[in-house]
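On a predicted model such as this, the values are computed, not experimentally measured, just so you know. To find a chain, count down the sequence lines: A is the first, B the second, and so on, and within it residues start at 1.
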Amino acid sequence: VQYVYQLHGLRLASEFDLPQIALRQAPPGLPVDVLVHTGSIADRAGVVSQGEFVRADAESALMTVPGVGYLANAGHEVVVDAEPDADLTLMRLYLLGSVLGMICHQRGLFLLHASAVAFGGRAIAFAGEQGAGKSTLAAHCIEGGAQLVADDVLALTLAADGSVLAHPGVPYLRLWSQSLKSLRRRGGADPVRDWWRADKFQVACDAVAHRPVPLEGIYILEGDRGTRLVAPLRGALAVAALASQSYRVEYVDLIGKRGDHFLRAATFAAAVEVAALARPRGLDRLPDLARTFAAMAEVPRVPPGGGRQTSIEA
Amino acid sequence: MIGPDSVVVRDNEPITTMVDAEVVMLSVRAGAYFGLGETGSEIWTMIEHPQAVAKICGALQQRFEVNEAVCRRDVIAFLTALHRHGLICLVGQAKP
């Protein structure tokens, strides 16, 4: 049996099911980008780590967590070596997080530590450190009518026409209990307590994008500086922001791809608006901010060529 | 010490690219990103091959309205900063 999923723009075939991304299940039969299977990892014995890659080179990377070893090979294969008593929930969480992150870096796929939502077919992304409010702001945008594209990990690619595409990631939001209380949730599935932290919850989203969405802007969430709300970043500042807000950016050094990663960050910085967003203090002000993004999405874009196609006939 | 007769050239360690019409660099050795701005980016294009500082100043003076002393002072300050971060090499002294 093989389970096939479409996540971060990749077709992932797995020997075992991945319930967290059940909504991302894809029809079988098409070529697979990443194959996940069980097997034994020969040189795993004696290797102990808590979710860090302990051995990595340009080709393959080995990570262990209690009871499970993972070998990520050349961006297209993950070998999972789990002991009989291993916690399978934990096994799947590391697989979809750090291990898939390594696979993406091996492939040269650009992953941002960001959440993204789409208003009417145009996506915006919120990046920032843990606790910056990425998921909460995304949740308020979704209350305002947006679709969820990805939470926490966002894959970007460059389309043939030079635009940037945001690829669907996990179909749920991870929210702090206090953020959850600030939302006016009606119906829907009950939040599930997060494995990692007792005060965080996984909230399934009904409004989920299933196809890549053109990305219009990346906002780097920062603390309230009491001055301008949005400050566009240009040139080196935009590149440095995207490079440092990459998901698991430390892996690029392990596999000797820092230079490639920098050039990719530069490509995206040149192709999409990057801005620092001073986040207002207090959860009660986030709905207003979300409404601002919804309103901005309503503004028609000037078509290429300056919008002068319409001529008035005399 | 960089002076008007110094000959400088880009160091080949930093990885460079253009974003928003400015040169953007990653130097793994320096552990930092650099952005050169508009005029800095022009100077960067002039030092792909070894170039005397006086020649760089001459070229800039033809492009911008700037007096010779100010131009020299600013160019030398800029190149000294690049040199301090290991982004350029001093390869010799031009014959005066």
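You'll find the side chain of A/L237 stays beyond 4.5 Å of the side chain of B/Y33, heavy atoms only. The closest side-chain heavy-atom distance from B/V28 to A/F262 is not below 4.5 Å.
More than 12 heavy atoms of other residues, nucleotides or ligands sit less than 6.0 Å from atom CD of B/Q93. Within 6.0 Å of CD in B/Q62 there are 12 or fewer heavy atoms belonging to other residues, nucleotides or ligands. Under a cut-off of 6.0 angstrom, the local environment of CZ in A/R211 is sparse, with at most 12 non-hydrogen atoms contributed by other residues, nucleotides or ligands.
When each of B/T17, B/T16, B/L36 is checked for heavy-atom pairs under 4.5 Å with chain A, B/T17 comes out on top.
Rounded to the nearest 0.5 Å, atoms CD1 (B/I15) and CG (A/D260) are 8.0 Å apart.
Residue A/R234 forms a side-chain contact (heavy atoms from CB on, under 4.5 Å) with just one option from B/V19, B/D20, B/V24, and that option is B/D20.
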